[in-house]
There are 2 protein chains.
Amino acid sequence: MIAIGEASRQSGVGIETIRYYEREGIVPKPARAANNRRLYTARDVGRLRLLKRCRALGFSLADAKTMLDLAEQGSDDCPAVKALAEGHIAEVRRKITELERLEAALQELTRNCASGNVSCPMLAELQDA
Amino acid sequence: MIAIGEASRQSGVGIETIRYYEREGIVPKPARAANNRRLYTARDVGRLRLLKRCRALGFSLADAKTMLDLAEQGSDDCPAVKALAEGHIAEVRRKITELERLEAALQELTRNCASGNVSCPMLAELQDA
DNA sequence: GCTTGCTCCTGTAGTGACTACAGGAAGTAT
DNA sequence: ATACTTCCTGTAGTCACTACAGGAGCAAGC
């Protein structure tokens, strides 16, 4: 049974974030010592680590919580995990496409910009439309 | 001089968003009619449209405001516009790279997931680390 | 025994860029 | 006169934290 600072170090999740997850019901409330301080088990740290990894993969906190629930069930519901992940992959791809579109538009707008220009073609273009 | 609803229609910026931009000092406070309703000029609508386009290109509201200020100056400071845009392009590319990294990681994690699996290799992988 | 410094506690407010009301007043159409 | 629409102000909610404020407890050194 370790304190929150140690749980934070072991999981890589910030102390304030751990307390936030608890408030939001993402992780169960941990045990408390006689002095009211939170006490974490290795399993609690495992939960935090799973959340950390899911967040690093870009899952929303809600989806990360779903992953955690799936892992907790012990049934290891592979199809559900796969569906969640594939939905997320689709979302990531959608974002990539959108950003590439933006990049192309920005490139096009700056194409005619030169340091010597008296009036800016990009501004002109932005003000038209 | 048009009302806020019409300015919203002409610019594509939502009514609540227009009032938000005013509150935040992004656009100047418009004229008011005797009945206290906001009155917008064609120039006001032009400002909103420029903001709209910058936001659609992914610029932060702060950067969009800078663009607007550059356009207002009339000097059409092309180098400044170009610098802003190129900084933003770099940011967009950074995001694309990051998302591609995420996608690859997700693909790798789901690669061994099959509907028939008893235990989920993705969950197992996520819980290791 | 006392001070210093660390960790912990609760509760609140701030971030970005809106969006969604609540509750009311004024204008327009029938 | 009534119904409908638009407008007003002000506040709270979104997401996922992050940053305090203000206090309590505990360990180590003097």
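Below, each value reflects all heavy atoms present in this structure, side chains not excepted, and no hydrogens, waters or symmetry copies. Chain A is the first sequence line, chain B the second, and so forth, proteins listed ahead of strands; every chain is numbered from 1.
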Identify which nucleotide among [options] has an atom closest to any side-chain atom of [X], counting heavy atoms from C-beta outward.
X        : options                  : answer
Thr17(A) : dT11(D), dT18(D), dC8(D) : dT18(D)
Asn36(B) : dC17(D), dC9(C), dC8(D)  : dC8(D)
Arg37(A) : dC8(D), dA20(C), dC8(C)  : dC8(C)

Separation of Lys52(A) NZ from Arg55(A) CZ (nearest 0.5 Å):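 NZ of Lys52(A) is found 10.0 Å from CZ of Arg55(A).
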Euclidean distance, Leu57(A) CG relative to Asp63(A) CG, rounded to 0.5 Å: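 Interatomic distance, Asp63(A) CG to Leu57(A) CG, rounded to 0.5 Å: 11.5 Å.
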Distance below 4.0 Å between Arg55(B) side-chain N/O and dC18(C) OP1 or OP2: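 Answer yes for this pair, as a side-chain N or O of Arg55(B) is under 4.0 Å from OP1 or OP2.
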Tyr20(B) side-chain N/O to dG16(C) phosphate OP1/OP2 under 4.0 Å: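 No, Tyr20(B) has no side-chain N/O under 4.0 Å of OP1/OP2 on dG16(C).
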Sole residue of Ile26(B), Leu70(B), Val27(B) in side-chain contact (heavy atoms from CB on, under 4.5 Å) with Lys65(B):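 Of the listed options, the one satisfying the test is Ile26(B).
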What is the separation between atom [atom1] on [X] and atom [atom2] on [N], rounded to the nearest whole Å?
X        : N       : atom1 : atom2 : result
Leu39(A) : dT7(C)  : CG    : P     : 17 Å
Glu22(A) : dC9(C)  : CD    : P     : 9 Å
Tyr21(B) : dA17(C) : OH    : C1'   : 7 Å
Glu6(B)  : dT5(D)  : CD    : P     : 17 Å
Arg19(A) : dC9(C)  : CZ    : C1'   : 7 Å
Glu16(A) : dT12(C) : CD    : P     : 15 Å
Ile26(A) : dA16(D) : CD1   : C1'   : 10 Å
Ile15(B) : dC18(C) : CD1   : P     : 15 Å

5'-most by nearest nucleotide on DNA chain D - Arg23(B) or Ala62(A):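 Between the two, 5'-proximity favours Arg23(B).
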Most 5' of Ser60(A) and Ala3(B) on DNA chain D, judged by nearest nucleotide: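 Its nucleotide being nearer the 5' end, the pick is Ala3(B).
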Residue met sooner reading DNA chain C from 5', once Ile4(A) and Asn35(B) are mapped to nucleotides: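 Looking at DNA chain C, the more 5' nearest nucleotide goes with Ile4(A).
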Arg53(A) versus Leu126(B), closest heavy-atom pair with distance: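 Here Arg53(A) and Leu126(B) meet closest at CD-O, 3.4 Å.
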Sugar-phosphate only, base, or nothing, as touched by Phe59(B) at under 4.0 Å among non-hydrogen atoms: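 No contact at all - Phe59(B) keeps every heavy atom at 4.0 Å or more from the nucleic acid.
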Sugar-phosphate only, base, or nothing, as touched by Arg38(A) at under 4.0 Å among non-hydrogen atoms: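 Sugar-phosphate only.
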Polar contact flag, side-chain donor to acceptor under 3.5 angstrom, Thr41(B)-Asp44(B):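 Indeed, the side chains of Thr41(B) and Asp44(B) share at least one donor-acceptor pair under 3.5 Å.
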